[in-house]
K.L.:
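Questions regarding the structure given below will be posed in turn.
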Protein chains: 2
Amino acid sequence: MGDQTGSTSATGPEERHRVGLKDVARLAGVSVKTVSNVVNGYVHVTPRTRARVEQAIKELNYRPNLSARNLRRGRSGIIALAVPELDIPYFAELARLVVDAAEKHGLTVLIDQTGGTREREQQVAEGIRDHMIDGLIFSPLALTADDLSARTDDTPMVLLGERIHHGPADHVVVHNVAAAREATLHLIGLGRRRIAAIGAQDSPAAETARLRLTGYHQALAQAGLPADERLIASVEAYHRADGARAMARLLDASDAGDPPDAVFCFNDLLALGALRTLLERGYAVPEEVALAGFDDIEDGRYGTPTLTTISPDKQQLSIQAVDLLVERMSGATLGATQEIFVDHRLVIRESTAGRTVPLRHR
Amino acid sequence: MGDQTGSTSATGPEERHRVGLKDVARLAGVSVKTVSNVVNGYVHVTPRTRARVEQAIKELNYRPNLSARNLRRGRSGIIALAVPELDIPYFAELARLVVDAAEKHGLTVLIDQTGGTREREQQVAEGIRDHMIDGLIFSPLALTADDLSARTDDTPMVLLGERIHHGPADHVVVHNVAAAREATLHLIGLGRRRIAAIGAQDSPAAETARLRLTGYHQALAQAGLPADERLIASVEAYHRADGARAMARLLDASDAGDPPDAVFCFNDLLALGALRTLLERGYAVPEEVALAGFDDIEDGRYGTPTLTTISPDKQQLSIQAVDLLVERMSGATLGATQEIFVDHRLVIRESTAGRTVPLRHR
DNA sequence: CGACCCATTTACAACGTTATATACAACGAT
DNA sequence: ATCGTTGTATATAACGTTGTAAATGGGTCG
C-alpha cells in the first residue's frame, strides 16, 4: 500500500503523524538533543535557545513519548499498588492516598487486585505479569513471610498494612498492639466488663489478627479482667458478613444469661456487620452493647449509630510507603530493611459514647 | 537453587543484566526475530524450534520489555479509567470490574482520580499529563457535552455512567428514566402517597439528576399522584452527608403535619445519609418512611435496615465500556458514536418491604 | 598571542522490540 | 529438470528517546 509519507499534500501532510523531538528540532532549528535538554530542564541552555524550543514545542503540541523515554532510561515511572480488593473501603481510601502521594514524585500508580488469594499474590510478588514496574507497594493477605523471602524478582517492594514483621522487605505499619489495647481500654473505661473480640484468625498468615488480639489481651490484663475464651470470635475474612455471623455466634453462645456488654472488632467492616446483628436482635447500641472498630472508614461515620474506631493515619501511611519505595528505587539504603510506624488515634463516636438514639419520635 | 546457567562462576555473569530477546536467541541458537515470533505466537514456527526457544525462555526467565514493545508497536497496552473518587463505593466497585474486563483484552488499567473538579477533568480529557495511554474510560462529573466536544486530544474515549447523551463520544449508560420510574412506582405500589425525592441538582452538568427526576415525575403522573415541589430536595454532591442534610430539610419543612411516607434517593449514598437522619429522629423505616436508593453498593446490603435500590448491571457496564473502547482503539467504527444501555433491576430489601425490625429484644 | 577553560551545542550510538524484505529449503506441478 | 509455491528462518532497519564524547566558540590567563 502506498504510504507516501514524503511530502504530497493530499489529505494533509501530518495527518496521522505523532510529533517527536525530531519535528520540534526541525522547527526550532536546533538539534534533537537540545530539544531533549530543554524538555528535561538541563541547565546549560541559552535562554534564547530555550525560548525558541519552547515556542516550537507549544506550536506542535509536543508530548514526550513515554515508551521511548522509559526504554532509554530503563525505568517506567510506574509503580504498582497491590491490594486484596478495591471495593473494600479501607483499600479504596488507601489507594486514593497512595495515588496522590506517588503523583508528587512524578510516579503513576497501577492498581492490582489480588482478591487476597495466595496464587494471585504470589504472581504479584514475582513481577506482575510481564509488566515493567519500577516498584511495588504490596498489601498481602495470604502470603507468609517465607513466601515473600522466596521471591526471585528484584523489583523494590514496600509492604503495607500491618503484617510480616522483620520480613524480607521494608514495611509501613500501624502499631497494632498498642492501638488494640487503647480501643479495649476505652471500652473498659466505660465500665464494661464482658468485652468480646471479633476478628481472630487461625491462618498462619494472619499476623494482623494476632497482634490485635494481643493488644486486646493486654488491656484486659492491665485492668485485671479475666480473659474469657468464649468471648473471642474467629472469622474467615474481614467483611461485613463475617462480622454479622460472628456476632450472632457470640450472642447465641451466651445463652440468655450474660451477653457481652462490649465488642471490639478488628476492623470496621466486621463492626458494621456486628452492628447489624445487634440491631436486628434488638440490642441497644451503645446502651446494652458498646462497639468499637478499627480503620476509620467512611461508612463508619454515617451508620446509626456512628462507629467508634481506631483511626490510623492513612495519609502518613501512604506517604511513608511511597517515600520508602522511592528511596529503594533510587538504589540507596541497600542494606537493612526498615520498619516504619505511623500514628493512630482513638476516635470516639456514638457506638460507645453517643447520646442515646430515641426509639420513637413522639 | 544455584542458577549457574551461564558458565563463569564468580558473582554471576548476568549480575545486573536484564535478559532480552538477544540472550534467549543466543541460548536457543536462533535469530532474535524467531524468538520474538515464538513469544508472539506466530504460526510458522517448527514445533522443534518453538520448543527449543521456550526452553531457553524458561531457563533465562525472560520477560518482554514492555517499553520497547510499546515503542515499536506504537501502543502502550494501557488504558486509563478516570473517576471522581475511588473511595466512593460505586466507583470502587466499577473500577474493580473495569480492571477485570480490561485484563481479558490484555490491557492494563491506570486509574485516575479527578475529584470531580472541572479543572482536573479537563486535564484528563486532554490526554492525561503526558502519558501514553491507548484509550480512556471516563466518568466525568463537572464537564458538559460542550467541554468534551472541545477536546483536541484524539485518544479514543468511552464515557461511563449516565451522562452526556448524544455527545461527542461513545458511552455506556443505564436507562435512568426507566429505572427511576420503576423505583418510584415500587414505592407507590406500597401504598405510599407522599413520596419525596432527594438528589436533584441545579448544575448544567447534572444530566443524571435530571433524568432520574424525570423518571420520578413520570411515575407520579402515571399513578395520578400530584407532584409536590416541596418534596424534592436538591443536593450539592451525592455523598452521605448531602443525603443526611437533605432529609433533615425535608422533615423540617413538612412541619409536623405530614412528613413524606417514602423517599426515593438518586443514589445509595444519599439514601444512607437520609436513613441516618430518619433513624436519628426516630422514624421507623420502612413502617413510617420507606426508602429506596440507586446503585446497589455493598454498604446498602448491610445497613439496618438493608436498602432497596436500583441495581445497574455494573459488570455488563464495565464489559461493554471496555469492549467499545477496544473497538475504537482498533480503528474500526470510525463514524457514528454509539450509546449502549445496560440492564438494571429493582432489588427490594428491608427499607421498603422488610420485616419490622424489633425495637427491643425482650 | 597561544594555551587553556568553560558554556553551549551537536552527532552518534544505544535501549529491546517488531515489520519488512528477503534467503533458503522442500515440495508439487508443469 | 525447471519453475513456482509454500513454509521457515534471518538480517536489517526502524520506533523516539537520552547518555557519551566530541565539536564549536568565546572568553581569560599566563
Side-chain angles (χ1 to χ4, degrees), chain A residues 1-3 5-6 14 16-54 56-57 60-78 106 127 130-134, chain B residues 14 16-54 56-57 60-78 106 130-134:
Chain A
M1 149 199 335
D3 98 319
T5 36
E14 55 209 353
R16 214 73 189 83
H17 172 63
R18 267 194 74 88
V19 319
L21 287 179
K22 211 179 329 184
D23 308 279
V24 180
R26 195 175 325 125
L27 180 59
V30 296
S31 80
V32 180
K33 187 66 216 283
T34 298
V35 181
S36 168
N37 285 338
V38 170
V39 171
N40 293 303
Y42 182 64
V43 254
H44 296 303
V45 181
T46 313
R48 223 182 101 78
T49 336
R50 164 164 284 124
R52 206 139 35 101
V53 170
E54 274 166 352
I57 287 181
L60 296 177
N61 190 28
Y62 164 78
R63 312 279 187 84
N65 178 321
L66 290 208
S67 290
R69 172 178 289 176
N70 295 335
L71 169 59
R72 184 59 242 237
R73 289 193 178 157
R75 313 181 295 100
S76 69
I78 295 181
D130 41 17
H131 268 293
M132 203 200 196
I133 58 167
D134 295 342
Chain B
E14 54 215 349
R16 213 72 189 86
H17 170 64
R18 266 195 74 89
V19 320
L21 287 180
K22 213 181 328 188
D23 309 277
V24 179
R26 197 176 321 125
L27 180 59
V30 297
S31 82
V32 181
K33 185 64 216 286
T34 298
V35 180
S36 169
N37 285 338
V38 169
V39 171
N40 293 301
Y42 183 63
V43 253
H44 295 303
V45 181
T46 314
R48 222 181 103 79
T49 331
R50 165 164 284 125
R52 207 141 32 106
V53 171
E54 274 166 352
I57 287 180
L60 296 176
N61 189 28
Y62 163 80
R63 312 279 187 85
N65 177 321
L66 289 207
S67 291
R69 170 179 291 177
N70 296 335
L71 169 60
R72 185 55 240 233
R73 288 195 179 155
R75 314 180 296 102
S76 69
I78 295 181
D130 42 16
H131 268 293
M132 204 202 193
I133 58 166
D134 295 342

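Letters A, B, ... are given to chains in the order of the sequence lines, protein chains preceding strands, and every chain is numbered from 1. Every value quoted in this text rests on a predicted model; they were computed, and no experiment measured them.
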K.L.:
Using a 4.0 Å heavy-atom cut-off to protein, can you give one letter per nucleotide of nucleotides 14-23 of chain C, 5' to 3': B if the base is in contact, S if only the sugar-phosphate is, - if neither?
P.N.:
BBBBBB----
K.L.:
Ignoring backbone atoms, test whether A/Thr34 places a side-chain nitrogen or oxygen under 4.0 Å from the OP1 or OP2 oxygen of C/dT10.
P.N.:
yes
K.L.:
Quickly work out the A/His44 NE2 to C/dC5 C1' distance and round it to whole Å.
P.N.:
13 Å
K.L.:
Hey, what do you get for CG (B/Leu71) to CZ (A/Arg72), rounding to the nearest 0.5 Å?
P.N.:
12.5 Å
K.L.:
Given a 3.5 Å cut-off on both pairing distances, which stems involving DNA chain C, each at least three consecutive Watson-Crick or G-U pairs, are present, if any?
P.N.:
C:1-30 with D:1-30
K.L.:
Consider only side-chain N and O atoms of A/Asp134 and A/Ser76, and report whether a donor and an acceptor are under 3.5 Å apart.
P.N.:
yes
K.L.:
Please state how far atom OH in B/Tyr42 lies from atom P in D/dT6, giving the value in whole angstrom units.
P.N.:
13 Å
K.L.:
My understanding is that only one of A/Leu27, A/Val53, A/Ile57 makes a side chain to side chain contact (heavy atoms under 4.5 Å, CB included) with A/Tyr62; could you say which?
P.N.:
A/Ile57
K.L.:
Look only at the side chain of A/Asp23 and the backbone of A/Gly20, and say whether a donor-acceptor pair between them is shorter than 3.5 Å.
P.N.:
yes
K.L.:
Figure out the CG/C1' separation between B/Asn70 and D/dT17, and round it to whole Å.
P.N.:
14 Å
K.L.:
Can you see if the side chain of A/Thr49 gets near the phosphate of C/dT9 - specifically, an N or O under 4.0 Å from OP1 or OP2?
P.N.:
yes
K.L.:
Pairs in or reaching into residues 28-48 of chain B: which pass ring pair (Phe, Tyr, Trp, His ring centres under 6.0 Å), with residues at least two apart or in two chains?
P.N.:
B/Tyr42-B/His44
K.L.:
Is the shortest side-chain heavy-atom distance between B/Asn61 and B/Val19 below 4.5 Å?
P.N.:
no
K.L.:
May I have the step-by-step check of side chain to side chain contact (heavy atoms under 4.5 Å, CB included) for A/Val38 and A/Lys33, ending in yes or no?
P.N.:
CA-CA 9 Å; A/Val38 170; A/Lys33 187 66 216 283; over 6 Å; no
K.L.:
Enter the distance from B/Leu66:CG to A/Asn70:CG here, rounded to the nearest 0.5 Å.
P.N.:
10.5 Å
K.L.:
Would you say a side-chain N or O of B/Thr46 is under 4.0 Å from OP1 or OP2 of D/dA9?
P.N.:
yes
